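Notes follow the structure.
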Amino acid sequence: MPAPHNPFKAALANKQPQIGCWMCFGETIGAELMTTANFDWLLVDGEHGPNDIRSITDQVRVVDQSHSHAVVRVPIGADWVLKQVLDAGAQSVLVPMVDTGAQAEAIVRACRYAPDGVRGMGGYGARVTQFGAIPDYGTTANAQICVLVQAETRTAIENLDDILAVDGVDGVFIGPADLSADMGFPENPNAPEVQAVIADAIARIAAAGKAPGIITLSLEQAKTYLDLGATFVAVGIDTVILANAARTLSKAAKALID
């Protein structure tokens with residue numbers, strides 16, 4: 001029995017737009033709630049969300065039972081971190097702050113078994129092989145792992161062609177918040193200078209045959225990015241969705257007694 005097919009990776013390769021949402025609660029019940037929204041992909045945020053390997057595993061398990069596909073953002077692209085997340089069952093990973101082709105190459109190798117990489121062969125006793133029920137996982141997994149890297153600094157944009165040249169990088173995600181701050185426009189990713197760089201990066205990523213990705217909380221802007229060629233676009237953050245809805249409801253309810 002081979003490793004499970006990765007439909008998200010296949011969709012990106014076929015240039016089929018995938019709409020997603022960030023999950024920052026770090027709780028299984030929150031992830032279960034989000035699976036009812038029918039997003040194509042849901043990101044378990046291990047960088048800024050309050051997650052550890054146990055909570056990531058639990059959320060991946062819940063998302064795996066739904067229409068949505070789990071993408072795990074690791075806190076750092078270290079070999080041991082990627083190994084744990086992959087053994088927990090994640091098939092798609094997003095790695096932040098990737099500035100060079102050499103970094104991207106090391107990340108790909110960390111996600112692949114030998115002879116193509118350095119991922120440890122300890123998955124036989126882990127969730128990823130259904131605890132040994134997928135005997136051919138080690139020889140078939142490499143082709144199903146989706147590696148996404150984040151370009152979110154001026155250095156990354158300058159080295160974008162080198163990153164795109166790395167075999168095994170399936171997509172490059174533009175981090176608008178960090179990129180705008182690094183460009184001198186903190187808290188202002190909509191600055192024309194930043195948006196020009198983003199548009200050019202999306203075009204270059206797509207031209208290289210990779211999947212461009214980005215996050216925005218504006219549906220109008222999401223449409224713009226999709227029209228530019230972005231393939232995987234996140235349109236919300238679970239914590240922000242709840243916070244905004246709660247504030248709106250509270251304000252409207254209090255207005256009833258004014």
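In this text the structure is predicted, and so the values were computed from the model without any measurement.
- A donor-acceptor contact shorter than 3.5 Å is absent between the side chain of Thr36 and the backbone of Glu32.
- A heavy-atom distance below 4.5 Å is not found between the side chains of Val93 and Cys146.
- Side-chain heavy atoms closer than 4.5 Å link hydrophobic residues (I, L, V, M, F, W, Y) into clusters, and following such links, even through other members, never connects Leu94 to Leu164.
- Heavy-atom neighbours of Glu27 CD from other residues, nucleotides or ligands within 6.0 Å: at or below the threshold of 12.
- Between the CH2 atom of Trp41 and the CD atom of Gln18 there is a distance of 9.5 Å, given to the nearest 0.5 Å.
- Between the side chain of Asn6 and the backbone N or O of Gln144, at least one donor-acceptor pair lies under 3.5 Å.
- Crowding of Ile29 atom CD1: a count of heavy atoms from other residues, nucleotides or ligands under 6.0 Å not exceeding 12.
- The OG atom of Ser66 sits 6.5 Å away from the CG atom of Leu42 when rounded to the nearest 0.5 Å.
- At least one donor-acceptor pair closer than 3.5 Å links the side chain of Asn159 to the backbone N or O of Thr155.
- Under a 3.5 Å cut-off, the side chain of Gln91 and the backbone N or O of Pro4 do form a donor-acceptor pair.
- Rounding to the nearest 0.5 Å places CG of Leu86 at 5.0 Å from SG of Cys111.
- Side-chain atoms of Thr35 and His67 include no donor-acceptor pair closer than 3.5 Å.
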List the atom pairs, with distances to 0.1 Å, where a side-chain N or O of residues 228-239 and a protein N or O form a donor-acceptor pair under 3.5 Å, not counting sequence neighbours.
unit_1: Asp238; atom_1: OD1; unit_2: Cys24; atom_2: N; d: 2.7
unit_1: Asp238; atom_1: OD2; unit_2: Cys24; atom_2: N; d: 3.1

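- Remark: the backbone N or O of Ala110 is not paired with any side-chain donor or acceptor of Lys83 at under 3.5 angstrom.
- Ser55 and Gly26 get closest at one heavy-atom pair: CB-O, 3.9 Å.
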What pairs of donor and acceptor atoms, side-chain ones from residues 244-254 against any protein atom, are under 3.5 angstrom apart with sequence neighbours left out?
unit_1: Asn244; atom_1: ND2; unit_2: Val240; atom_2: O; d: 3.4
unit_1: Thr248; atom_1: OG1; unit_2: Asn244; atom_2: O; d: 2.9

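- Side-chain N/O atoms of Gln150 and Asp178 include no donor and acceptor closer than 3.5 Å.
- From Met1, atom CE reaches atom CG of Asp136 across 8.5 Å, with rounding to the nearest 0.5 Å.
- Ion pairing of Asp79 with Arg119 is absent here, as no side-chain N (NZ or NE/NH1/NH2) approaches a carboxylate O to less than 4.0 Å.
- Side-chain contact between Val172 and Leu148 is absent, with no heavy atoms from C-beta onward closer than 4.5 Å.
- In this structure, the side chain of Asp58 does not engage the main chain of Thr28 through any donor-acceptor pair within 3.5 Å.
- No continuous path of hydrophobic side-chain contacts links Leu43 to Ile174 [ILVMFWY only; heavy atoms under 4.5 Å].
- Within a 6.0 Å radius of CG in Asp167, other residues, nucleotides and ligands contribute 12 heavy atoms or fewer.
- Salt bridge annotation for Asp64-Arg127: present, with a cationic side-chain nitrogen under 4.0 angstrom from a carboxylate oxygen.
- Checked by atom type and distance alone, the side chain of Asp45 pairs as donor or acceptor with a backbone atom of His48 at under 3.5 Å.
- At most 12 non-hydrogen atoms from other residues, nucleotides or ligands lie less than 6.0 angstrom from CD1 of Ile76.
- At least one donor-acceptor pair closer than 3.5 Å links the side chain of Glu152 to the backbone N or O of Met97.
- Note that the OG atom of Ser68 and the CZ atom of Phe39 stand 8.0 Å from one another [nearest 0.5 Å].
- Here the closest heavy-atom approach between residue Phe131 and residue Gly125 is recorded as CD2-O, 3.6 Å.
- Salt bridge status for Lys223 with Asp227: present, with a side-chain N to carboxylate O gap under 4.0 Å.
- Looking at residues two or more places apart in sequence or on another chain, you find a salt bridge (Lys or Arg N to Asp or Glu O under 4.0 Å) between Asp161 and Arg204.
- Asn142 places a side-chain N or O within donor-acceptor distance of the main-chain N or O of Tyr113, the cut-off being under 3.5 Å.
- A single hydrophobic cluster is not seen to contain both Ile163 and Phe173; linkage of ILVMFWY side chains at heavy-atom distances under 4.5 Å, directly or through other members, places them apart.
- Residues Val95 and Ile157 fall within the same hydrophobic cluster, defined by Ile, Leu, Val, Met, Phe, Trp and Tyr side chains chained together at heavy-atom separations under 4.5 Å.
- Two residues are said to be in side-chain contact when any heavy atoms from C-beta on lie closer than 4.5 Å; Ile205 and Leu160 meet this criterion.
- Residue Tyr124 places its OH atom among 12 or fewer non-hydrogen atoms of other residues, nucleotides or ligands, all under 6.0 Å distant.
- Put simply, the side chain of Gln84 does not reach to within 4.5 Å of the side chain of Asp87, judged on heavy atoms.
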- Item | Val44 and Val71: CA distance, side-chain angles, deciding distance, side chain to side chain contact (heavy atoms under 4.5 Å, CB included) verdict | CA-CA 6 Å; Val44 181; Val71 177; over 6 Å; no

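- Here the side chains of Val194 and Asn188 are not in contact, with every heavy-atom distance at 4.5 Å or above.
- Side-chain contact between Glu193 and Val197: absent, with no pair of heavy atoms (C-beta onward) separated by less than 4.5 Å.
- Linking ILVMFWY side-chain heavy atoms closer than 4.5 Å, directly or via other members, places Trp22 and Tyr225 in two distinct hydrophobic clusters.
- Within the model, atoms SG of Cys21 and CG of Leu217 stand 9.0 Å from one another, a figure rounded to the nearest 0.5 Å.
- For Asp99 and Thr153, the side-chain atoms include at least one donor-acceptor pair closer than 3.5 Å.
- For Gln59 and Asn51, the side-chain atoms include at least one donor-acceptor pair closer than 3.5 Å.
- Under the 3.5 Å distance criterion, the side-chain polar atoms of Glu47 are left unmatched by any main-chain donor or acceptor of Pro96.
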